[in-house]
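Structure first, then comments.
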Amino acid sequence: MPANDNSLEINVNPDMSSTFHKSEKMVIALLESASQAIISIDRTGRIVLVNHRAEEMFNYTREELMGAHIELLLPESKRGGHGRERDEYFNRPRVRPMGIGMDLAGRRRDGTEFPVEVSLSNIETEEGLFGIAFVSDISQRKQLEEQLVHAQKMEAVGRLAGGVAHDFNNMLTVISGYKRMIVDELSPQDPLREYADEIGKAADRAGAITNQLLAFSRRQVIQPRVINVNTVVGQTEKMLRRLLGEDIQLTLNLRSDVGNIKADPNQIEQAIVNLAVNARDAMPAGGHIAIETENVHLDENYAKAHLGVKAGDFVMIAMTDTGHGMDANTRQHIFEPFFTTKERGKGTGLGLATVYGMVKQSGGDIWVYSEPNKGTTFKLYFPRAAESATDIRAGAAERVTPQGNETVLVVEDEKPVRDLTVRMLRQIGYNVLSAASGAEAMEISKSFSGKISLLLTDVVMPQMSGRQVADALLATRPDLKVLFLSGYTEDTVIHHGVQSGVEFLPKPFSREALSKKLGEIAKAGGGAAQ
């Protein structure tokens with residue numbers, strides 16, 4: 001079989017060559033075992049050879065493909081110019097990948113299109129020149145690439161959200177703190193009290209938005225524990241029925257054998273409520289919402305198709321609605337913060353972003369199935385925990401009022417926050433020393449001869465971090481207790497050298513929250529950074 005310099009050549013061991021040419025079975029076996037679709041055409045574009053993988057990939061039988069024109073397997077938008085491209089290739093045949101830098105697609109029997117990679121070769125025979133296409137279905141790879149780009153974008157936005165939250169929480173601490181001090185100075189009948197209360201409400205709403213951003217970015221302070229999913233879902237039912245209204249039917253299908261997960265129950269409840277609110281808004285004329293729980297096993301195939309998911313046993317919470325559904329473009333953006341399809345003023349675009357962050361922070365995965373006019377299903381997967389569930393009401397700290405007669409050293413580089421914190425502590429009854437930096441705190445500690453019972457320090461500061469300040473002071477005052485403050489969240493704080501489990505109070509905080517935290521430290525008799 002003669003071949004030009006650019007045609008397909010098969011090199012065979014000389015000792016095997018005679019056997020190879022006498023045996024069609026070996027050639028057929030090679031074609032049929034190939035992982036790629038192999039299709040050969042003549043100059044007119046007529047298909048003269050296909051393998052089994054081509055039948056599978058395009059959903060045609062071999063009999064239907066043989067003799068048909070290659071354009072049958074192309075998207076309709078590509079068929080018009082394909083004859084010209086084919087003629088150009090046969091006039092200058094060569095081995096090459098096809099469509100470098102282009103998005104190529106194949107077309108199945110049912111009309112669906114899918115991304116492909118194509119390599120071209122050719123072979124010269126006594127009957128003439130034939131082109132050979134090696135076609136790979138790259139749908140899964142494309143899906144993973146899209147997930148990776150999406151994950152990178154979400155991570156970048158999450159880092160931005162964390163930075164914004166830090167600065168925003170510093171401001172909210174000052175606003176809320178001084179509002180409370182103003183209220184304390186006003187009589188119950190003073191008309192200015194109403195204005196101060198409105199300031200406080202606005203600060204609370206702003207804090208709620210910050211918390212949503214932190215949940216999305218997976219930087220929210222959480223209290224995970226082993227919980228039973230059915231218990232959490234069941235406790236939200238009454239609230240959901242009030243929230244959804246009489247024109248929306250709610251049904252629960254909770255499997256009795258569903259396993260436990262390790263997560264923050266408050267986050268699970270908030271995720272369910274956020275999904276329900278979205279579902280309600282997608283059904284303005286009423287409809288049906290179904291919530292179900294089930295044990296599932298996500299296998300390697302699922303893990304390969306979903307970035308960041310490890311195969312294993314999971315507990316699924318699924319919510320299905322009969323709303324108007326979503327198209328593919330909307331589905332690509334629904335978890336992005338501030339993306340919303342609702343009218344102006346009817347949504348912040350943070351609901352689904354919050355759910356996404358909560359699920360990911362718990363080590364789980366979230367997936368959405370939706371088509372226009374066919375409703376939507378959200379599936380939340382959480383790794384199954386082997387431990388027994390704890391009471392979800394556990395963990396509430398007993399409120400203790402501190403004596404407030406000890407000396408506290410406050411280290412905070414933001415002057416408004418530092419001044420407010422000092423005033424709060426003095427109102428509670430503490431003696432207070434304050435420093436604007438780690439270096440100043442070291443000088444105060446050296447010159448102060450009395451006992452400093454507590455170091456209250458911001459975590460992220462220039463020159464010396466809160467962790468470094470604590471380590472330096474503990475070297476000379478080993479009995480010192482430490483409370484870290486930060487507008488960042490606990491996950492981020494850990495990255496700044498503060499171990500998980502130490503005493504930490506996120507900003508913004510109220511005087512009551514600060515007093516309660518100090519009481520807990522006093523009761524525990526510890527809290528020093530280790």
For the residue pair Leu456 and Leu485, establish whether any side-chain heavy-atom pair is separated by less than 4.5 Å.
yes
Thr376 side chain near Tyr369 side chain, heavy-atom distance below 4.5 Å
no
Evaluate salt bridge (Lys or Arg N to Asp or Glu O under 4.0 Å) for Glu71 paired with Lys78, printing each intermediate quantity in order.
CA-CA 8 Å; Glu71 283 77 13; Lys78 301 295 184 181; over 6 Å; no
Which pair of non-hydrogen atoms, one from Thr457 and one from Gly466, has the smallest distance, and what is that distance?
OG1-CA, 3.7 Å
Decide side-chain contact (heavy atoms from CB on, under 4.5 Å) for Tyr60 and Leu72; before the verdict, give the C-alpha distance in whole Å, the side-chain angles of both, and the deciding distance to 0.1 Å.
CA-CA 10 Å; Tyr60 285 99; Leu72 176 71; 3.5 Å; yes
4.5 Å side-chain heavy-atom contact, Asp458 and Met461:
yes
Test: Glu113 and Arg107 ion pair at under 4.0 Å:
no
Before giving the answer on salt bridge (Lys or Arg N to Asp or Glu O under 4.0 Å), spell out for Lys516 and Glu512 the whole-Å C-alpha distance, their side-chain angles and the decisive distance to 0.1 Å.
CA-CA 6 Å; Lys516 178 181 177 182; Glu512 288 71 24; over 6 Å; no
NZ/NE/NH1/NH2 to OD/OE distance under 4.0 Å, Arg53 and Glu32
no
Counting C-beta onward and ignoring hydrogens, is there a side-chain heavy-atom pair between Leu505 and Phe484 closer than 4.5 Å?
no
Working note: Val135 + Gln36, criterion side-chain contact (heavy atoms from CB on, under 4.5 Å); need CA distance, chi angles, decisive distance, verdict.
CA-CA 5 Å; Val135 185; Gln36 295 174 301; 6.0 Å; no
dist Ile39:CD1 -> Leu49:CG (nearest 0.5 Å) comes out at 9.5 Å
Give a yes or no on whether the backbone of Gly259 and the side-chain of Asn295 come within a donor-acceptor separation of less than 3.5 Å.
yes
Please report the interatomic distance CZ(Phe314) to CG(Leu380), rounded to the nearest 0.5 Å.
12.0 Å
What one should report as the nearest heavy-atom pair of Val368 and Met326 is CG2-CE, 3.7 Å
Using atom types as modelled and distance alone, determine if a side-chain donor or acceptor of Arg280 lies under 3.5 Å from a backbone N or O of Leu243.
yes
Heavy-atom side-chain contact between Leu275 and Ile317 under 4.5 Å
no
Student check: side-chain heavy atoms of Ile248 and Ile289 closer than 4.5 Å
yes
Only residue of Val226, Val232, Ile268 satisfying side-chain contact (heavy atoms from CB on, under 4.5 Å) with Ile261 is Ile268
Flag, side chain of Asn51 to backbone of Ile38, donor-acceptor distance under 3.5 Å:
yes
What are the two closest heavy atoms between Lys179 and Ala196, and how far apart are they?
CG-O, 3.2 Å
List the atom of Pro383, the atom of Gly363, and the distance in Å for their closest heavy-atom pair.
CG-O, 3.3 Å
Can you tell me if Asn230 uses its side chain to pair, donor with acceptor, with the backbone of Arg255 under 3.5 Å?
yes
Nearest 0.5 Å, please: how far is CG in Leu474 from CG in Leu455?
7.5 Å
Is it true that Asp471 and Arg467 make a salt bridge, defined as a side-chain N closer than 4.0 Å to a carboxylate O?
yes
Using 0.5 Å steps for rounding, measure from the CG atom of Leu74 to the CZ atom of Phe58.
8.0 Å
Which is it for Tyr381 and Val315 under the side-chain contact (heavy atoms from CB on, under 4.5 Å) test, yes or no, and what are the steps along the way?
CA-CA 6 Å; Tyr381 298 102; Val315 175; over 6 Å; no
If we only count heavy atoms from C-beta on, is the Met283 to Asp321 side-chain gap below 4.5 Å?
yes
How about Thr421 and Glu412: do any of their side-chain heavy atoms sit closer than 4.5 Å?
no
If you draw the axis of the six-membered ring of Phe114, does the NZ or CZ of Arg108 fall within 45° of it and under 6.0 Å from the ring centre?
yes
Quick check: does any side chain N or O of His288 sit under 3.5 Å from a backbone N or O of Thr322, one acting as donor and the other as acceptor?
no
Can you tell me how far the CG atom of Asn274 sits from the CD atom of Glu269, to the nearest 0.5 Å?
12.0 Å
N/O donor-acceptor pair under 3.5 Å between Glu292 side chain and Ala318 backbone:
no
Using side-chain contact (heavy atoms from CB on, under 4.5 Å), reason through Glu64 and Arg109 one step at a time and then give a plain yes or no.
CA-CA 10 Å; Glu64 290 170 324; Arg109 182 184 188 132; 2.5 Å; yes
Quick check: closest heavy atoms across Ala37 and Ala54, and the distance to 0.1 Å?
CB-CA, 3.6 Å
When rounded to the nearest 0.5 angstrom, what is the spacing between CG in Leu65 and CG in Leu73?
6.0 Å
Quick check: does any side chain N or O of Asn373 sit under 3.5 Å from a backbone N or O of Gly325, one acting as donor and the other as acceptor?
no
Non-hydrogen atoms of Ala105 and Pro75 that approach each other most closely:
O-CD, 3.1 Å
